[in-house]
Amino acid sequence: MAGMVAGLGMESLHTLGLVGAVVVSLVVVVRLSNDGVGSTLRRRLLLGVPWGTLLVSGVVLTVYLVVQGGWERPNAPMVIPFRAWSYFYPQGILAAPFSHAGLGHLTGNLFATLTLASIAEYAWGHYPRERGVQTFSSVLTNPFGRIGAFVVGTLAVGVVTGVFSLGPAIGFSGVVFAFAGFALVRYPLATVVGVSASSVISLLFSAVRNPILQQGGRSVFITPWWASIAIQGHALGLFLGAVLGVLWVRRVDERPSALRLFLGALLFAVVQNVWAVYAPLDGGRYELYRAGGTALVFLVAVLFVWAVRATDRTLVGRLDLHASEAAIGVVLAVTLALAVVAVPFNFFTVADPDAGVTDANSIEVEDYTVFYAHDVPNQYISSVPIESATVSSNVNASGVIVVSEDREIWWEVTSTGRLANDGRSLVRVGGVGWRESVTADFVSWSPVGNRSAYVVYLYHDQASRLAYVSDPSRADPTITGRNVSVVPGREFTLRVTRGGETLGETTIPVGNNTTSAGGLTFVREDRRVLATTEDGTRVTVAVRPRDD
């Protein structure tokens, strides 16, 4: 028995323990539950199962595995051709809402769909609730017809979020927020619980996938967490779902109390970071409007309450305008504004696809050009002029850039900062049915006390390019009146100068060898280079961030 346990391994034991704890917990809860949850579900859903939610989840999963190639490379799917780049590239507009940037992105949206869409589908129901209406008497009284309507409606909302997404968005999250908006106006607190439930499912998935995680300190390149949120797409989806939900609850006259709806909408908006309104600045920086965004979520919660709870009393007698009509009109106006703001950006075209591109710094793959550039105008962000006291659309880009004139793509795939931190970036380009990869390598030496001197290589099949060579960079220490600079190139060299005059230059030694130039001897010790003098002075002048 002991041998069998030892053979399972620690990870397997942890996984078995997790599965056992989950099963025991569920069995105990079901045995002690007397509230008839199963019968309640069967009264609203066919066999008590949210079939529409499962079908929609299957569509999204199929797109990831088959169309994006996630079956072959689960952690590195094809992404670039499936973003919503432009109205002149309809494939991206239609594919973006159902595609994902990675496995974590996919699982997060699928888990949220399984919980939030199930609540929305339960509110919709598979059976008619009007008195005297017989099941199967029409398409919308037929459970299969209602399931089909739920699926078709979901796909239609997805297309709308793709058409009116701001920027090259990708992911099902706009539809997930639409599920949430629909569910909030009928079951506000259950929706908040559903968000927590999706986090529990996500935790279980991660725990089964990696039962034991070991990790030490390491250098990472991090952008602000809020800078990766498609805030406009989330808000648009939320309002789309809320509009449909308000119309539905008013039709069936099933409306939650004002307090429950306010608390549910507010808690959801805060937990899901709907308040994180931001704008890009130059130099890879972003500006977060935290106070303004927080005020907005309170106003959104109040607006939802007004739209659901407003009565039919006359608000403006001369116009015969009722309070309920005014409330719904305001929600519709906000939804329209969130959609329209994206339209100018979605008419983007690559005005000058060859800007910054040369034969020496680029590699072409079919209709794509992959190149490295430093401090060039970001054509995508600059496509719509915006000027204010703090925000400008004149943003420059530095890093690995992908351009496709046919697909209206201009995109900084990997910034210089991220490439410097990671050392290598894999750029996947292609389309439906074909995929290719271009590798970018960042090689650098860091003079002590100054910026790195670096080169960037691009590789594809048998082609290679020395795509970029930075300026030399001088180390801060002065050794016997001499300065040492790192000069990048196919071979990195050390240049010794005094008073602006070059005294000598030599390649950085490999291994743990020694070389000399300009009266100094340079000793390589692993990833350090030391300058030594005749009197025994030893000074570190350059460091390589990672191994050769």
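One is the number of the first residue; the rest follow in order along the sequence.
By the 6.0 Å contact criterion, CZ on R424 is open, its count of non-hydrogen atoms from other residues, nucleotides or ligands being 12 or less.
For N346 (side chain) and S165 (main-chain N/O), a donor-acceptor pair under 3.5 Å exists by modelled atom type.
Using the six-membered ring where Trp is involved, W248 and W124 have ring planes that are tilted, between 30° and 60° apart. Taking the six-membered ring where tryptophan is involved, the planes of H100 and H105 are perpendicular, since the angle between them exceeds 60° and thus also 30°.
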Q) Where do F304 and F239 land on the ring-ring contact (aromatic ring centres under 6.0 Å, His included) test, with the steps shown first? A) CA-CA 9 Å; F304 284 5; F239 270 83; 5.3 Å; yes
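For the pair I119 and F179, the minimum side-chain heavy-atom distance is 4.5 Å or more. In this structure, the side chains of V66 and W71 stay at 4.5 Å or more apart for every pair of heavy atoms.
Ring to ring, W85 and W410 are not that close: their centroids are 6.0 angstrom or more apart. The aromatic ring centres of Y187 and F182 sit 6.0 Å or more apart.
Because its NZ or CZ atom is not both nearer than 6.0 Å to the ring centre of Y89 and within 45° of the ring axis, R407 does not count as a cation-pi partner of that residue.
E408 and T349 are not linked by any side-chain donor-acceptor pair at a separation below 3.5 angstrom, with hydrogens and angles left out of the test. At a cut-off of 3.5 Å, with distance as the only test, no side-chain donor of T416 or S398 sits close to an acceptor on the other residue.
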